[in-house]
Each structure stands twice: as structure tokens, then as C-alpha cells.
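Below is one structure; the comments refer to it alone.
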Amino acid sequence: MNSAYIASIINATLRSTTPILLAALGSAICSRVGVFNVALEAQMLIATFTSIAVNYFTGSALLSVVVGVASGALIGAIVAVLQVKYKAADMVVGTALNLLTTASTTFLLYLVFDRRGSLIDERLVSLTKINLPVIKDIPFVGRVLENLTFIDYICYIIAIALFIYLFKTVSGFRDLSVGINKTAAESLGTKATAIQMRMVILSGALCGLGGVALAMGQVIMFTENMTSGRGFIAMAAASLGMSHPLLTIVSSLFFGLCQSIGLALQNVIKSQLTTAIPYIATIIALVVFSKRNKKN
Amino acid sequence: MKHITKVYGSLYANNDIPLTLNKGEILAVVGENGAGKSTLMKILYGLEQPTSGEIYLNGEKQNFRSPHDAIAKKIGMVQQHFMLLEPCTVAENIVYGKEPKKGLFFDREGAVKIVEELCEKYGLHIDPRLKVGDCPVGLQQRVEILKVLYQDADIIIFDEPSAVLTPQEVTELLATMRKLATMGKSIIIITHKLHEVMAVADRVMVMRLGKFIQEMPITETNIEEMSFLMVGRHVVERHVDPQPTGERVLDVKDLVLAGSDAKNILDHFNMHVDAGEIVGIAGVSGNGQSELIQCLTGLLPPTSGQILLQGKDVAGHSVGEIREAGCACIPEDRYLWGCAKEATLTETAIMAHQHKPELSKNGLLNSKGAKVFTQRLLDNYDVRNSGQSQKAGELSGGNIQKLIVAREMEQKSPLLIAAEPTRGVDIGAIEFIHGKLLEKRAEGDAVLLISSELTEIMSLSDRIYVIYEGQAAGEFRKEDATEEDLGILMMGGKLV
Ligand SMILES: Nc1ncnc2c1ncn2[C@@H]1O[C@H](COP(=O)(O)OP(=O)(O)OP(=O)(O)O)[C@@H](O)[C@H]1O
Ligand SMILES: [Mg+2]
């Protein structure tokens, strides 16, 4: 194994981590305010579709990002209204939205583009790749950071910003208090329901950005069910990271690594097996972690 | 407050109640369970809106739509069930709602300082950096009081503040209240303990069945008169005759429950309860009583030792198996273990009875049987309710306690564990529940009574164990026990 190979694995890891980390942050902030958001998958998938669709018709990468994020937030808003405001069961709302989004994006793909399976087109423009001037010439580091988009960088900044907001500011403290004891927070005059709804919508926007990274990052395309369970992997990442933004970075990197290893082994082992690696890792990680938790 | 009326459905929780409070005064509000005391206070604090009636503050008419409005008018409330953020620190809890800031950020160091100053000012000491969840109940209550003081309240309402405190903590609390009153705060206290009323209040107001009965200065009344006004009859003191005991029902041998550190929570604990006797366990709360109950009822598996229930070792068995083997339990915390707040009264009443033939057949519930059964419990134990479909959480604190007592009595099991059976119930109901426990004893069943009320232990028990740091620090027969001796052992002292 030479250093170029390792560098390319790290590079692939960083790219696979981005969508997972963004969705995991979305999941984490929901749990922090006491909402169990199962619709992460839907929030991401809708953005992969809308961003590619806007991209196709306008040719504007920026507009694609904006619409992708907004569509994720829209699904978040539906979750917020149904689950937080009208107190519908979380599993039901989440599962329904996940199924609905999978089906409707597939359907729209056929209806609008007359395609089945996927949409790839030379008209689609990519996000600008950031190749840092001096750094790109440093041998190992240059390869590691090659061809990353701004979203691949910004997701870490978002994580740190969320950490500072939640744990260092007054309104972050109020938000956390809602997750700890909603009745107590309310009895002290905090508008708990509004806070929960806001957070769920923000989670939708984060997942939306993750979806955009997925559709316009390594490849530029939309395929049916493109997220293929990343929303659930993100949920696992958030729970391993104890819904703490900084720890969630670590756990998301772990799942990103599993995915890039899976990709790298594709030529060695049967691909059906390698694609299962991230999911197997998820299960093992959750089991190991919950065991350790029980002991404490 | 003038002509306050609050109607729930067809029930008058408050009926035309007047209430006045002067500056620097302590007013006690007493009355039976369900008399409407908590409701009246919730109206004053903006948690509930009155059906009719007005509130005036310094002559100005008020309209509180939420606690927020009341807090703004300097009214604070220490609720019966604490409203705290347990994983957060004392300081964070106290400054909540009016946090100090440093630029954009929450100034946690500043909060600690503020709390230290507040503690100094009112002479209430607590370490602001402690996690609230790690504090004993007494300190948690102090956090609630400081919270109200930080909001700069002039009127402070206490709803049954002493129900969960140890005797020492109660003494401290009463001293705190007096001090606050001399500093010009006006205080309303709801309590069922009339000696506390005598010790701390300037004036007392009696309520019964949602109505105002009478109001008088404390100097012109006494405990007998107050209890007569509350219950509407005289409460007599009970005399219990000794009776011979039967075979051993519960035998706890060398019970150990290891803690997270080197110290055992239950440390080679030995005791037994025979048929036809009431055995009391006295102790300052936090000395292993809760864990003992949980081991006995199957909620916690003990590390080692035996629990013989009618000769059969049930240590480490499941809750269901232990109940099956003949043990019923009135749990110490009615909302945590005793009932589900969202459940209806019918559901609450039939819990753990559901397998009886009158209530279910072939796995299907007999809802008619359940209704009849529940109604019997509600009637026999005088649980004030507005119908069986009412939620358990909507009953007044004392009434839900009575329903749980009824349900566990009805098990007619050879052993009844009664933990704090009269917490938060009025004197009439205490007398009633005590009577029921004695009836059970007279029927030849065994009763294990765990209570932080020394007087309750002393008046009912045939035998008394003192528990200190997980060990049985002493055993007394009723005739040999004195309050002084028990008190010394409870505090970890030795008898000479
Ligand atoms: N939300 C509610 N819905 C329906 N009935 C209610 C509700 N809250 C209280 N009640 C009823 O109003 C009556 C008065 O209740 P309240 O809690 O004021 O009694 P209390 O005097 O505080 O009694 P306790 O000493 O047992 O705490 C009770 O009969 C109770 O069942
Ligand atoms: Mg009450």
C-alpha cells in the first residue's frame, strides 16, 4: 500500500463523510430539542432531486444549492407541523415521508425528464472544485484535498458553529433545556414548541445541503433512491456522537471511511458485499456502543 | 383574590374563594385532598385561568394568562413537583430566563457569581457548580426557591413543600420562610402538616370541597380546631393493641447491593416480617430505603443475599413473579412507580389485577368488570374524581395516592410493602389509610412500612428497624422505642 493509495482513500473518505455529517448534525440538533426525526432520508433525497432538476434547467450551480437546501427545509417544515405541532407519531410521519419522497422523486424523474433509473446529462454543471493554490502542490496533502467542493469544507464549519451556538450562547442553552425537560422550560416562559419546530426545519436545511453534496459532489447526477439509507446511517452517527456536534464529526468520519473502503474493495470482492460494509459497520457500532453505555 | 371560581367539567374545584395576603406575611392554606388548594394557587400563578373572579395586586386588577405574566408581577411559585433541568448545574437552573451574557455568549462564570451573591443575600447556601440531578431533594428545593428569588418575586407560593423533605430539611425550610418574611416577602404555603402551620404561619385559611370555610390568625386557633374545620369532624388518636404474630412471611438475609463505588448501598441487611405485624423502617431518606424496596419488589436485582417470601427465595426474580408469590407494594413515588399520568382511573385501578377472572378471560379484558371493580375502589377509599375516564394525572395529589393504596390493598397479598403511604394526603385520609393498614394486620397479613415520618412509624409499627447507610442500625420493639433513640441511630450515632 503506497502513500498515494492512502491519500486517495482519505480523499474518498472526506467526500463520503460530507452528506453523512450534515444529516447527522440535523439528527443531532433534533434530538437535542427532544424531537426524534426519522425523515432525514426524505429531507436528503428531495434535495438530490430538486438540485439536479434546477441544475438541468438553469445551469446555475448556485441556484441548485439554494433550491436543494430549501426543499430539504420544506420537508423539515412538514415534519415540524405534523410531529411537533400536531403531535403525530414520529415513526409514522418519518416513514411516510421517506416512502413518499422515494416514490415521488422516481415518478417525477419519469414525468419531467422521461427517464428511468437515473439522470445524467452533459448539461449539468458541477460545483466549483476548490484546489488551494500552494497546498495542491504538496505531495500527500495535495492528493488528500484534491477536488473537494466548498460543501466538503463548510460542513465542518457548520459543526463547530452549532457546537458554539448550543453550548456557549444563551439561546442555545434555552434550546437544550427544551430537550432536557420541556414542561420545566415551558413553565419558565420558554416557547418550547416554536424552538422544536425551528430546529426541525434547520435539520431539513442541513440534510438538504447534504443531499446537494451527494448529487453534485463526487458525481453529478440523480439516481432513484440516491441516498440509499444515508439518512439512517446519519442517525446512527448522531447517536454514536451522543448528539454532540464535535463528536458527531468523528462518528461521521468513521462511517465515511467505511463507505470509501467499501468502494475501494469493489474491484477485489463482489460489489454486493462491499456496498453492505457501511451498514454492517453501523449495526456493529451501535451494538458495541449501547453495550458500553449500559455498563456505565 | 376575589370570588375566584374554577370549574372542571361539572366539578367546582374552586367556588367563590376570597384570598388576601399582606406584605411580609405568611399565609397557610389547608384543606382536605381535592379541596382545591393547588388549583387556587395555579390561578394566582397564571397556570390556570379562573372561570370567574378577579385578582388584584396592590389595588390593581390583574389578568394573568401565563406564568410569564405572573412572574413579571413578581409572583413566584415553588411547585409540588420540581421544574428543574437535572443535567444542568445549580447556577444554570437559577439564572434560567434571565441569563447573564458576555457579548453573544452565555456567561456561565457570571451566573456562578450571581448565584453566590444571591446565596449570601438570603443566607441559603449551595454550591452553584453542582449538577442539580446529583443534589438531594432538599437542595433541589433550595434551587427552586433561589430561582424564584432571582426572579425577584415579592410573593412566593409553596405547594406542599415539606412532603418530600426529611425532618431536618423541613426545619431548615421553615426557618428560611420566616427569614424571607422578615425581609418583606409575602408567602403562601400549602401543607397537610398542621404543626408546620402552627410553627410558621401568621394566618391560616381553611378550604373544604372547593369552598372557603374560615380564616383566622394563628394565635387564635390550634391544631384541633383546624383539623375539625378541614375534615368536618374530630380526628381521634388511635390506640393499637398488641396481637400475637404468626409465621415468617418475609425474611431478608444478608442482602447486599453493590454501589458504583466501593461502598455498598445495602450492606448485609437483615430483617424479617411475620404474619400479623407491621414492621417499620425508619431512616433519613437516602440511606438505602429506596433500593431496599426495589430489591424486594424485583425492580433491582440484589448483588447477593436472600429474600425469602413465604419460604421461597425470590431474590433477583421479576416483578411479576414476586407479585405472584404474594407481595403488593405502595411505591414511594406515586408518579414514577405508582401510576401512569396519562392512564384513566379504570386503567390505573386494574393494573396488576388484570389477570383476575372478574377482570379478564382468555386474554380479553372485561370492561364491565373493570368498571365495577374500579368504582368499588373509588367509593371505598373516597377518591374524589369526576368519572372513571378522568386521567390519573388530573386527580389531586392526595387522591391519586388513595387510589394507589386502594389498588394495592385489594391485592389481599400476604405481604404489603407500604412506602410513604400517606405522603401528601390530608389528615382525614391519613387516619383512613392507617386504619386500612391496621385492618390488614388484624387479618393476619404482614406489612412492611417505610416512612420518613417518624410519628407514623412510631404509632403503627409493632417492631422498628433503623436503617443507616444500608445497614440495619438497630431493632426495637414498639414499647422500647423512643423518638430520641431512633433519631440518634438514624443520624449514625451509637446508643450507650
Ligand atoms: N386538569 C383537571 N381536570 C379535571 N379536574 C381537575 C383538574 N385539576 C384538578 N382537578 C380536580 O379539582 C379538584 C381540586 O384539585 P386540587 O389539585 O386543587 O386539590 P388540592 O386541594 O391541591 O388537593 P391535594 O391536597 O390532594 O393536593 C380535584 O377534585 C381534582 O380532581
Ligand atoms: Mg395539591
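Not measured: the values here are computed from a predicted model. Hydrogens, waters and symmetry mates play no part in the numbers below; they use all other heavy atoms, side chains included.
Across all non-hydrogen atoms, the minimal contact from B:Pro100 to A:Val170 is O-CG2, 4.3 Å.
For B:Leu85, the parts lying under 4.5 angstrom from a heavy atom of chain A are both the backbone and the side chain. Using a 4.5 Å cut-off between heavy atoms, B:Leu84 touches chain A through its backbone atoms (N, CA, C, O) alone.
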Please tabulate, one pair per line, the donor and acceptor atoms of chain A and chain B that lie under 3.5 Å from each other, or say none if there are none.
{"unit_1": "B:Leu84", "atom_1": "O", "unit_2": "A:Asn181", "atom_2": "ND2", "d": "3.2"}
{"unit_1": "B:Tyr96", "atom_1": "OH", "unit_2": "A:Ser177", "atom_2": "OG", "d": "2.5"}
{"unit_1": "B:Tyr96", "atom_1": "OH", "unit_2": "A:Thr190", "atom_2": "OG1", "d": "2.8"}
{"unit_1": "B:Gly97", "atom_1": "O", "unit_2": "A:Arg174", "atom_2": "NH2", "d": "3.2"}
{"unit_1": "B:Glu99", "atom_1": "OE1", "unit_2": "A:Arg174", "atom_2": "NE", "d": "3.4"}
{"unit_1": "B:Glu99", "atom_1": "OE1", "unit_2": "A:Arg174", "atom_2": "NH2", "d": "2.7"}
{"unit_1": "B:Glu99", "atom_1": "OE2", "unit_2": "A:Arg174", "atom_2": "NE", "d": "2.8"}
{"unit_1": "B:Phe106", "atom_1": "N", "unit_2": "A:Lys168", "atom_2": "O", "d": "2.6"}
{"unit_1": "B:Arg108", "atom_1": "NH1", "unit_2": "A:Phe167", "atom_2": "O", "d": "2.8"}

